[in-house]
Structure formats: structure tokens, C-alpha cells
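Every heavy atom of this structure was used, including side-chain atoms; hydrogens, water molecules and symmetry mates were not.
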Amino acid sequence: MHATTGERDLRKILATAAGALLAVTAAVLTAPSAAQAAGAPTGFHVSDGHLLDANGNDFVLRGVNHAHTWYTTRTPQALKGIKALGANSVRVVLSTGDQWTRNDTADVAAVVEQCKASRLICVLEAHNTTGYGEAVAAVPLSRAVDHWRGIKSAVEGQEKRIILNLGNEPVGNTGYEKWTYGTADAIKSIWIAGFRHTNMVDAPNWVQDWSGTMRRDAAGVFASDPDKNTVFSIHMYGVYDAAVEVQDYLNGFVAQKLPIVVGEFGDAHSDGNPTRTRTWRLPSSWESATWVGPGVETAAGPSTWTWPPTSTSAAKRSRPCP
């Protein structure tokens, strides 16, 4: 069978994808005391701006998103296809049950096993927070934390294979000023609940951070994590419709040694058309980079929104839906 145009494009993306580092001038946040922070992470962890695997090796997330909660029967085959195209990870859409059918403990445990079988790192995300403050049906990050507590047994002990994306696009364009403290509170709450996974947290403004809120406050949010085991995620759609905007945003974070991933990107968006050939035409030094440290040029590790790949990512708009 001949590869589709989308598949060929995705192979190119996965072959050149790498990690970037994030840093920001911080708001001052209160974290639990050092005495409380017992039990260091045993799986994925952040050190000096690097995402490291359980063996202490640099790890670059290269993968795509899979809308599991709406297409549960397709997941096993989808994961095999994602792996076949060269991915090392997959971001899996889950539901807390507030808008769509809840993915319960048994279902999430099955997804984790399927990821393991396909040798993919599993980035699990709670989708019902999408656009909170603007989308009527969306729920706050605190509700997502409740969901993680409820399915804890499905992910506990899997810190070497799972990253928890606490909530997808958790703040829209209304009330985004609350992102900093809301995200810090969610990180502290998940830690108090006993989770020792690497956290992934999404930016405000439907994760495009046009306000610069995450760029400004991420260092303070990182400091609120007792384990200092948080990575940050930006979604690059219409706000980033020129290569210079992509480079400026990522390079703006490099200096202060905080890890960032491009959790989603795509073209044919409602607020712009960031085509891959225009937006992702990055310096050749980025293409050869891996997850990097201070003083080293970086590259973005992008994940397309949809699976299977298509010639465009038109399915991803400013308000995701199944």
C-alpha cells in the first residue's frame, strides 16, 4: 500500500522532531515545604531543563494525538500505526465524564497496556477542561484532578511509561489571568494525592498563549511542583502562522531551563493557516537537535492533532470536538 501524503509528511515531522526548553519570569507561588516532598520520582523526571527517562537519558517526545475517548474501538490499531510511522509517544484523549462518556479505571488501564505493547510512551490528557471560562460545558482543572484520583490505580506504578497531561486547553480567552494559580494548585493537588508522574500542563488562550501568560509565569508554576517534575505545552495553530513566531516563542523559553513541548499543531485553523512548509521551516541546526540543555540550539517536538494523518489538520479548530 502506498503511503498517503499525510503519512509521508508525518514521517518527515517525526524524523526531525525534537524537544525544546521553556523558561519564564515567575510569579511567586507557595509550594509545599521540602519536608513534605518525600519520595523522588522513579520514572520520567525533569533535571536542569531536560526531560529524562527512568534511566536518566534525555528523552524527546515524538508523536501524534489519538482521540481515544470518541473512538475507543480504533485505539489498538491506531497505536500500531502510530508506532509504525516512527513515533515514540502518543497523546491520548480521555474524558472525565462531564461531557462525554467517562474513561474509567479499566479502560485507562487497557490503554496503558496497549501503549506498552506498541512501545509508545503514553501521554494521557483529560479533555473536558477544554476552553474553561469560555466554553460553557468545560470544567476546571480541579475537576480533572478529581478524575485522576478516581483512576489512580490504572496509572500508579507506571511512571516510567506515562506522562499526565493534567487538562487539555484548560483556559480559553476569558479569565486567562487565573491560569497561573489554577495550574499551580492542580500540580500541588495531584502531588498531595500521591501521584509521582511527570506532569504536563497546557498554556491558556486555548493553549496558544497569545497573552504571554505561560511564557511569563511558567517558572513560578514549575517552582510550585514539590518534585520539580513538570513540562509545559503550547499548541501552535493560527497564532503561530509564521516561522519567526514559532522560533521566538520557543527561544524565549530556552534560557531559563524549563522544558516545553508543542503538544499540537496543524493548518486550516479558524484564526490563521500555519502550513507546515511555512511555519515549520526551522534552521537546520534545529532539525538535528535532540532534547537539549543550556546553550544548545533547540528544536520543537511537534504532535499533529489527528490520527490517522491527513493532508491537513482541519479537524482541529479553536474549539475541539469529536
### Query
How far apart are the C-alpha atoms of Glu156 and Gln158, what are their side-chain angles, what is the distance that settles it, and do they pass the side chain to side chain contact (heavy atoms under 4.5 Å, CB included) test?
CA-CA 5 Å; Glu156 195 169 27; Gln158 301 292 335; over 6 Å; no
### Task
For the pair Lys188 and Asp227, evaluate salt bridge (charged side-chain N to carboxylate O under 4.0 Å, His left out) and give the outcome as yes or no after the intermediate values.
CA-CA 10 Å; Lys188 288 181 281 189; Asp227 288 333; over 6 Å; no
### Task
Apply side chain to side chain contact (heavy atoms under 4.5 Å, CB included) to Val90 and Cys115, showing your working.
CA-CA 8 Å; Val90 59; Cys115 285; 3.8 Å; yes
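Hydrophobic clustering places Val46 together with Val123 (ILVMFWY residues linked when any side-chain heavy atoms are closer than 4.5 Å, directly or through intermediates).
Looking at Ser233, its side chain never comes within 3.5 Å of a backbone N or O of Val201 through a donor-acceptor pair.
Ring planes of His235 and Tyr237: perpendicular class, angle over 60° (limits at 30 and 60°). Relative orientation of the Trp70 and Trp100 rings is perpendicular, given thresholds of 30° and 60° on the angle between their planes. By the 30° and 60° cut-offs, the orientation of the rings of Trp179 relative to Phe232 is tilted.
Salt bridge status for Asp146 with Arg149: present, with a side-chain N to carboxylate O gap under 4.0 Å. Remark: Arg91 engages Glu264 in a salt bridge, criterion side-chain N to carboxylate O under 4.0 Å.
Not counting sequence neighbours, the partners of Asn103 by the side-chain hydrogen bond (donor to acceptor under 3.5 Å, both in side chains) test are Thr69, Asp107.
For the pair Lys160 and Phe44, the NZ or CZ position fails the cation-pi test of under 6.0 Å to the six-membered ring centre and within 45 degrees of the ring normal.
For the residue pair Asp209/Tyr249, the side-chain donor-acceptor check at 3.5 Å is satisfied.
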